[in-house]
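Sequence positions, counted from 1, serve as the residue numbers for this chain. The structure displayed is predicted, hence computed values, not measured ones.
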Amino acid sequence: MSKPAGKGDGPANRSARRVLKRSPAEPSPDLEDVLQHGASLRKRRLLRNLRPMLPEILAAGVLQCMVYSAFILNASRSDWNNLAIVCSVLFVLPFAVALALLGFRRQRNTFSIAIFVTFVCFNVAVAVLSGLRIPVSYSALLTAYPIATIAMIVANLRLHRSLEDRVALLDFPQAAQVAARLAGHVAVISDKTADIGAYDRLLIDTGTHHNPEWSAFLTKAYMVGVEVTPWFNFLELREGRVDVGAFDVSHLAYTPSQIYYSKAKRALDLIAVIVTAPITIPLGFAVWLYIRTLDGGPAIFVQTRRGYGGRPFNMLKFRTMYHGRQGGATRTNDDRIIKGCRLLRRLRLDELPQLINIWRGEMSLVGPRPVAEYVAQASEAEEPKFIHRTMVLPGITGWAQVNSGYAGTTQEEINKLSYDLYYIKHLSFDLDMLIILSTISTVLFGRGAR
């Protein structure tokens with residue numbers, strides 16, 4: 001039966017619907033579909049986004065129940081009804097957290113959002129159990145809480161990774177080159193009537209697609225929940241580096257959260273030094289004693305490096321080369337390295353004295369790696385923008401270190417600059433956490449050390 005025409009069913013509206021007309025084989029939702037069937041569209045997208053998080057959700061639920069049950073059984077309690085209620089809540093809790101995280105899927109602060117949402121949901125669950133007068137073991141819940149937090153951080157990372165895999169690129173003259181840089185994981189769309197319901201992000205070229213010709217298609221994308229992003233912004237985020245040639249200091253438009261974090265970063269550095277002191281001090285003393293025993297002389301040496309704002313400072317390191325033979329870039333299989341110290345360099349234990357530099361305020365845990373003055377001068381002669389990496393405190397580890405490793409030449413230093421500028425531009429707690437985790441992985445697999 002044909003649908004009767006309404007008051008607004010004039011020639012202009014019929015023409016607009018023809019532009020957004022659905023294919024019989026595979027429906028493409030237009031504005032009318034969103035209004036009439038929006039709930040079903042959201043449901044399909046919800047289930048699709050939830051799927052990559054399921055392993056962590058189930059693991060968190062099961063592990064929390066096991067930990068809580070172990071505490072209860074160890075206490076010789078026999079209130080099985082209460083145990084079943086609490087375990088049911090703990091099992092359902094990760095699903096609730098995951099649903100909440102889906103609402104923040106367009107935010108890139110994956111670590112902090114996962115931590116915050118898990119904290120809120122967990123406390124709400126505990127408050128509900130307490131309000132219902134259900135006896136609970138708070139020590140068991142406190143033990144289960146880190147399990148949920150770690151699992152949901154991993155789940156949120158998997159969610160964002162899956163969203164980046166479902167990307168489409170609107171066709172424009174350089175679309176093939178952009179798709180190639182994205183390693184072929186992107187579909188190129190040239191048909192304005194194409195169905196984009198299977199994608200989570202649509203990449204556009206602002207100069208080509210911000211015009212009336214593509215306005216209906218972009219409106220459809222917004223209405224069905226597909227995020228529209230300029231391709232060069234997405235490429236920068238995907239590669240984790242900026243185009244040095246196009247970079248300008250005016251691009252640094254920090255958000256309030258970045259400003260607050262930059263102010264809190266110094267306090268977090270000091271807390272990290274204090275908290276790790278019971279481990280780092282004995283470990284540092286053992287390294288100092290080992291070097292003094294094998295080669296005598298001072299075990300710590302001082303290097304003048306360029307620091308914040310281009311000011312020089314004295315960076316401390318354990319001496320891992322034989323006395324009188326240090327200096328110059330380290331070579332592969334360098335015979336100047338003291339016996340056994342190659343492992344120290346691989347594990348980055350030679351950097352332990354730089355915790356003193358952090359305490360003095362000359363360095364941070366995370367930031368662009370400080371370079372010697374002669375290296376900085378040679379690099380600036382090749383690329384004047386090299387000076388911009390001193391806009392933040394240098395770090396023991398950094399984004400360039402975990403992505404491109406050791407630099408032994410001026411050209412390699414300049415190549416690392418694109419990563420350092422990316423770090424400065426996207427400074428955040430989440431990026432620092434990612435760098436720290438990547439550094440741990442780098443140390444375990446020995447990448448980048450010579």
Side-chain angles (χ1 to χ4, degrees), residues 181 232 235-237 239-254 262 301-317 319-321 324-334 336-337 345 348 350-351 353-354 357-358 360-427 431 435 438-439 442 447-450:
R181 289 184 64 180
F232 47 85
L235 193 61
E236 179 179 300
L237 294 173
E239 295 182 342
R241 58 193 301 178
V242 303
D243 182 349
V244 176
F247 179 83
D248 189 82
V249 178
S250 61
H251 296 167
L252 302 179
Y254 284 163
S262 65
F301 76 108
V302 178
Q303 290 181 320
T304 301
R305 297 289 179 98
R306 180 177 287 192
Y308 176 71
R311 295 188 293 270
F313 73 100
N314 293 326
M315 189 185 78
L316 307 177
K317 289 188 72 172
R319 178 175 59 87
T320 55
M321 293 185 178
R325 301 188 62 186
Q326 63 267 29
T330 307
R331 302 181 298 270
T332 303
N333 299 322
D334 201 319
R336 297 174 296 170
I337 297 177
R345 295 169 69 94
R348 305 301 197 273
D350 59 325
E351 314 283 357
Q354 288 163 36
N357 291 118
I358 293 177
R360 293 174 180 172
E362 299 164 335
M363 292 182 66
S364 174
L365 279 176
V366 181
R369 188 72 183 145
V371 297
E373 185 63 31
Y374 73 91
V375 174
Q377 292 177 359
S379 300
E380 287 171 13
E382 293 287 332
E383 175 51 71
K385 293 179 183 178
F386 194 83
I387 188 65
H388 295 330
R389 68 196 303 276
T390 63
M391 296 176 66
V392 296
L393 279 174
I396 293 180
T397 186
W399 186 238
Q401 295 300 112
V402 299
N403 280 282
S404 60
Y406 182 86
T409 66
T410 299
Q411 188 56 51
E412 289 176 345
E413 289 288 352
I414 295 173
N415 290 339
K416 291 175 63 175
L417 178 62
S418 61
Y419 293 103
D420 287 329
L421 295 180
Y422 176 91
Y423 173 78
I424 295 171
K425 183 177 180 180
H426 298 278
L427 176 70
L431 184 55
I435 292 170
S438 299
T439 300
T442 300
R447 271 193 312 115
R450 293 186 186 177

*Answer yes or no: is there a side-chain heavy-atom contact under 4.5 Å between R241 and N403?*
no
*L421 and K416: side-chain contact (heavy atoms from CB on, under 4.5 Å), yes or no, with the steps?*
CA-CA 9 Å; L421 295 180; K416 291 175 63 175; over 6 Å; no
*What heavy-atom pair brings V392 and Y423 nearest, and what distance separates the two atoms?*
CG2-CE2, 4.4 Å
*asked:* Within a 6.0 Å radius of atom OH on Y308, are there more than 12 heavy atoms belonging to other residues, nucleotides or ligands?
replied: no
*Indicate yes or no: does K425 engage E236 in a salt bridge with an N to O separation below 4.0 Å.*
yes
*Can you sort out the partners of Y422 under ring pair (Phe, Tyr, Trp, His ring centres under 6.0 Å), two or more places apart, ordered by chain and number?*
W399, H426
*Of all heavy-atom pairs between L316 and P353, which one has the smallest distance, and what is that distance?*
CB-CB, 3.7 Å
_Donor-acceptor under 3.5 Å (N314 side chain, Q303 main chain)_ = no
*Output the distance between atom CD1 (I414) and atom OG1 (T410), rounded to the nearest 0.5 Å.*
6.5 Å
*Can we say K385 and E383 salt-bridge, meaning some charged N sits less than 4.0 Å from an Asp/Glu carboxylate O?*
no
*Keeping the roles fixed (side chain from T409, backbone from E412), state whether a donor-acceptor pair exists under 3.5 Å.*
yes
*Does P370 offer a backbone N or O that forms a donor-acceptor pair with the side chain of R305 under 3.5 Å?*
yes
*asked:* Set out, in order, the CA-CA distance, both residues' side-chain angles and the distance that settles side-chain contact (heavy atoms from CB on, under 4.5 Å) for M363 and L393, then state yes or no.
replied: CA-CA 5 Å; M363 292 182 66; L393 279 174; 6.0 Å; no
*asked:* With rounding to the nearest 0.5 angstrom, report the CD to CD distance, Q354 to E351.
replied: 4.0 Å
*Over all heavy atoms of both residues, which pair between R345 and D350 is shortest? Give the atoms and the distance, please.*
CA-OD1, 3.8 Å
*asked:* Checking E413 against V375 for the side-chain contact (heavy atoms from CB on, under 4.5 Å) test, could you report, in this order, the C-alpha distance in whole Å, the side-chain angles of both residues, the deciding distance, and whether it holds?
replied: CA-CA 8 Å; E413 289 288 352; V375 174; 3.8 Å; yes
*Derivation of the side-chain contact (heavy atoms from CB on, under 4.5 Å) call for V371 and R389*: CA-CA 10 Å; V371 297; R389 68 196 303 276; 4.0 Å; yes
_Less than 4.5 Å apart, side chain to side chain, heavy atoms only: is that true for T397 and L365?_
no
*Evaluate the criterion salt bridge (charged side-chain N to carboxylate O under 4.0 Å, His left out) for residue pair E362 and R311; output intermediate values, then yes/no.*
CA-CA 10 Å; E362 299 164 335; R311 295 188 293 270; over 6 Å; no
_Is any side-chain heavy atom of T304 closer than 4.5 Å to one of E373?_
no
*So, are R181 and E239 salt-bridged, with charged N and O less than 4.0 Å apart?*
yes
*Heavy-atom side-chain contact between I424 and Y419 under 4.5 Å*: no
*Of the non-hydrogen atoms in R319 and F301, which two are nearest, and what is the gap between them?*
CA-CD2, 3.7 Å
_Donor-acceptor pair, side chain of R306 and main chain of I387, under 3.5 angstrom_ = no
*Go through the side-chain N and O atoms of Q377 and E380 and say whether any donor and acceptor fall under 3.5 Å apart.*
no
*Do S262 and L427 have side chains that get closer than 4.5 Å, going by heavy atoms?*
yes
*Looking only at atom types and distance, does a side-chain atom of S418 sit under 3.5 Å from a main-chain N or O of N415, one as donor and one as acceptor?*
yes
